[in-house]
Amino acid sequence: MRILAINDISCVGKCSLTVALPIISACGITCDVLPTALLSTHTGGFEGYTFRDLSEDIPSILAHWKKLGLSFDFIYSGYLGNISQIDTVLSVKKNFLAPHGKFVVDPVMGDGGKLYAHFNFHFVEKMRSLCSEADFILPNVTEACLLAGENYPQNGEALPAEKIVQKLSSLHTCPIVTGVEEGEENAVYYMKENRVLRHAEKNAAGFFHGAGDVFAAAFTGCLARGKTLDEAIYLSADFTTSSIFRTAAANGDRRYGLEFEAEIFPFLEKLNGKIRK
Ligand code: PXL
């Protein structure tokens, strides 16, 4: 069983591949990587970060893999270095996803109601085409609103999460919207067999860098371990929430990402045994 993670390397800041690799490996699954860009830190809150787009290296990497006859059971894509990498990911899916394989897209584009640096509305449009090729998409609230063409909720308005999940399912994928803050709870809304379901965890106030990436890596790892959609959501939401609360308690600089490492053992106990909620 192998997962291909297509994502950037932010050298510092615990997101993307520096999160996907340890978490997927801990799940007991091979994590191969296709790096999209190399940055000194992620772009969320650091000044003066370096950014190298790795698009030029990708065709020869893929040509080599083709010669090796590689295929992947899961392809999980995250942060892309530029808009043309969306076509690259589509062709990686076409050429390297095993016939029984699953394609998980985290449409990384923004948070807190805003697009991240380097993203624009053309990217959002094009991201829809990538999402419509996915088996599962994992947008946060900002990305879900962008993809569904809905306004981001202002001043404590409630997100019309059910409507957004319904709208996103018209992209022919299973939408899993993360980080829906509802009072004391933080919910995941998702579509299963034409019904919108909700899974809630405890909410920690504020913004936590890299939380979506921890969720996405754990979710893909759980699916690769044969967990059902519901189980994968419960396990990865529980792991992300414990990591968030540990990070909040440590009260450090949140730009450096989640303290997920010490939560890996409890996560694996649940992954390897019965789900205890
Ligand atoms: O966590 C999402 C993410 C991934 N990669 C890079 C980012 C961000 C969010 O800011 O900047 C480079």
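Atoms within a ligand are numbered from 1 in the order they appear, just like the ligands themselves. Please read these numbers as outputs of a predicted model, since none were measured by experiment.
Below 3.5 Å of separation, one finds no N or O of His42 facing any N or O of ligand 1. Some N or O of Asp213 is nearer than 3.5 Å to an N or O of ligand 1, by distance alone.
Taking every heavy atom of Cys15 and a limit of under 4.0 angstrom, the matching atoms of ligand 1 come to 1 (O), 4 (C), 5 (N). The distance from ligand 1 to the heavy atoms of Thr43 drops below 4.0 Å at these ligand atoms: 7 (C), 10 (O), 11 (O). Of all atoms in ligand 1, listed by their number and element, those nearer than 4.0 Å to a heavy atom of Leu39 are 12 (C).
Remark: distances from the non-hydrogen atoms of Ser10 to ligand 1 include one below 4.0 Å.
Between the side chains of Asn82 and Ser55, at least one donor-acceptor pair of N or O atoms lies under 3.5 Å.
Using a 4.5 Å heavy-atom cutoff, the side chains of Met191 and Gln166 are in contact. Taking 4.5 Å as the limit, every side-chain heavy atom of Ser10 sits out of range of all side-chain heavy atoms of Thr18.
Closest protein heavy atom to atom 4 (C) of ligand 1: Ser16 OG, 3.1 Å. Scanning the protein for heavy atoms near atom 9 (C) of ligand 1, the closest one is Tyr116 CZ, 3.5 Å. With hydrogens left out, the protein atom closest to atom 5 (N) of ligand 1 is Asp8 OD1, 2.8 Å, a heavy atom. Ranking the protein heavy atoms by distance from atom 3 (C) of ligand 1 puts Tyr79 CD1, 4.0 Å first.
Phe136 is not connected to Val89 by any chain of hydrophobic side-chain contacts under 4.5 Å among Ile, Leu, Val, Met, Phe, Trp and Tyr, and they are in different clusters.
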- Task: Start with the C-alpha distance between Lys14 and Asp213, add both sets of side-chain angles, then the distance that settles salt bridge (Lys or Arg N to Asp or Glu O under 4.0 Å), and finish with yes or no.
- Result: CA-CA 9 Å; Lys14 280 196 281 186; Asp213 299 0; over 6 Å; no
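A side chain to side chain contact (heavy atoms under 4.5 Å, CB included) with Ile233 is found for exactly one of Leu235, Leu229, Asp230, namely Leu229. When each of Ile137, Thr173, Leu97, Leu4 is checked for a side chain to side chain contact (heavy atoms under 4.5 Å, CB included) with Phe103, only Leu97 meets the rule.
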